[in-house]
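Below: one structure in structure tokens.
What you see is a predicted model; the values in this text were computed from it and never measured.
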Amino acid sequence: LIKKMMEPTPLRKISSLLGSIRGNSGSEEKSIISQVSFDQSPSSPFTTIDGINDNNLDSSNPSINSSSSNTISKSSKESVAKYLKKAQRAHKKTFRYRLAMKHYLLALKEMTTAGYSDSDPLVAKVLKSLNDVHHAQSTVTNSANIVQMGIQHEDKNQLIKALRMYTIAYR
């Protein structure tokens, strides 16, 4: 009777397992987790992020296995890569933000004519880069305007106001 009372219940087994997992390092966690087996019923299929069931993934269905990048021509991929390379160089190395915006817009135009979808990761990356370049350009423009206001205050011999403007532009 005492041995039976000392034997942990299934709930205690799970909680002690979870406690040991939380208290151990990464390599020990993997060994503990690999010892635990979960019952997975074959009747509940795995659904991918696209909403495709795991049971439907077979090589006989070409509509699922074909990727959208196969329909895009090599020349359009090369021109997109050329525009992106020029845009990244103008953005990151030479700080010519207007030129970078021009090349990002040309790359987006080429991508839309080539048939890239709006949900394509490359399109999202280009849009984010375009947003970053536009933000940098507007920041530089605003700072230049503030510096010009500081110069005007300095010409009027209002040195404190000029100093404020320079401090704001520096931020």
Side-chain angles (χ1 to χ4, degrees), residues 21-22 24-31 33-34 38 40-155 161-171:
I21 288 174
R22 289 182 190 131
N24 292 332
S25 67
S27 61
E28 294 176 54
E29 285 180 23
K30 290 179 184 175
S31 64
I33 291 173
S34 65
F38 295 100
Q40 295 180 348
S41 62
S43 63
S44 62
F46 174 74
T47 305
T48 63
I49 207 164
D50 300 331
I52 302 171
N53 287 341
D54 189 27
N55 295 344
N56 296 337
L57 291 177
D58 54 351
S59 60
S60 64
N61 193 349
S63 66
I64 294 175
N65 291 332
S66 68
S67 114
S68 64
S69 64
N70 291 341
T71 61
I72 299 168
S73 69
K74 185 176 180 180
S75 64
S76 64
K77 285 182 183 180
E78 289 173 353
S79 65
V80 167
K82 179 183 73 169
Y83 286 134
L84 291 179
K85 184 178 178 182
K86 287 181 179 181
Q88 287 173 351
R89 178 169 162 57
H91 179 198
K92 303 289 183 185
K93 292 188 179 179
T94 61
F95 305 106
R96 297 176 65 189
Y97 298 125
R98 288 186 183 165
L99 182 65
M101 283 191 287
K102 174 186 167 186
H103 287 299
Y104 279 129
L105 287 173
L106 288 172
L108 277 174
K109 184 179 178 183
E110 181 67 30
M111 291 169 88
T112 55
T113 57
Y116 282 86
S117 68
D118 291 339
S119 61
D120 193 277
L122 184 61
V123 173
K125 182 180 176 184
V126 170
L127 285 172
K128 179 164 179 9
S129 297
L130 180 63
N131 186 25
D132 292 344
V133 169
H134 180 262
H135 176 71
Q137 173 62 34
S138 63
T139 301
V140 167
T141 304
N142 291 339
S143 293
N145 290 339
I146 293 170
V147 167
Q148 285 178 347
M149 290 184 339
I151 291 171
Q152 290 170 356
H153 287 300
E154 196 173 348
D155 290 341
K161 285 185 180 180
L163 180 62
R164 275 192 214 146
M165 293 296 134
Y166 297 143
T167 306
I168 291 169
Y170 179 73
R171 289 184 201 160

Exercise for review: Side-chain contact test, heavy atoms from C-beta onward, threshold under 4.5 Å: evaluate it for Y104 versus Q88 and give yes or no.
Suggested key: yes
Review point. How many angstroms lie between CD1 in I151 and CE in M165, if you round to the nearest 0.5 Å?
Key: 12.5 Å
Review point. Taking all non-hydrogen atoms of both residues, which atom of V80 and which atom of A107 are closest, and how far apart?
Key: CG2-O, 4.2 Å
Check your understanding: Which pair of non-hydrogen atoms, one from H91 and one from Y97, has the smallest distance, and what is that distance?
Key ->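 Between these two residues, the closest heavy atoms are CD2-CE2, 3.6 Å.
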Point to revise | Spacing of CD belonging to Q137 relative to CZ belonging to R98, to within rounding of 0.5 Å | key: 5.0 Å
Check your understanding: What closest approach, in Å, do S117 and V123 show between heavy atoms, and which atom pair accounts for it?
Key -> O-CG2, 3.5 Å
Review point. Under 6.0 Å from the CG atom of D155, do we count more than 12 heavy atoms belonging to anything else shown?
Key: yes
Study note, to complete from the structure: Rounded to the nearest 0.5 angstrom, the CG-CG distance for L127 and L122 is 9.5 Å
**Study point:** Least distance between heavy atoms, A162 atom then G150 atom
**Key:**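 Scanning both residues completely, I find the closest heavy atoms to be CB-O, 3.3 Å.
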Check your understanding: Taking atom NZ of K161 and atom OH of Y166, what is their separation to the nearest 0.5 Å?
Key ->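 One gets 14.0 Å once the value is rounded to the nearest 0.5 Å.
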Check your understanding: Does the side chain of M149 reach to within under 4.5 Å of the side chain of N145, using non-hydrogen atoms?
Key ->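 Not touching, per the 4.5 Å side-chain cut-off.
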Exercise for review: Check whether more than 12 heavy atoms from other residues, nucleotides or ligands sit under 6.0 Å from atom NE2 of H134, and answer yes or no.
Suggested key: no
Practice item. Kindly compute the distance separating CD (E110) from CD (E78), expressed to the nearest 0.5 Å. Key: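 E110 CD to E78 CD: 11.0 Å, rounded to 0.5 Å.
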Review point. Is it true that a side-chain atom of N142 and a backbone atom of S138 form a donor plus acceptor pair closer than 3.5 Å?
Key: yes
Point to revise | Spatial distance of atom OG1 (T94) from atom NZ (K86) [nearest 0.5 Å] | key: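 Answer for the OG1-NZ pair, T94 versus K86, is 12.5 Å.
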Practice item. Kindly indicate, with the supporting measurements, whether the criterion side-chain contact (heavy atoms from CB on, under 4.5 Å) is fulfilled by K77 and Y116. Key: CA-CA 10 Å; K77 285 182 183 180; Y116 282 86; 3.7 Å; yes
Exercise for review: State, to 0.1 Å, how close A169 and S143 come at their nearest heavy-atom pair, and which atoms those are.
Suggested key: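 Where A169 meets S143 most closely, the heavy atoms are O-OG, 3.5 Å.
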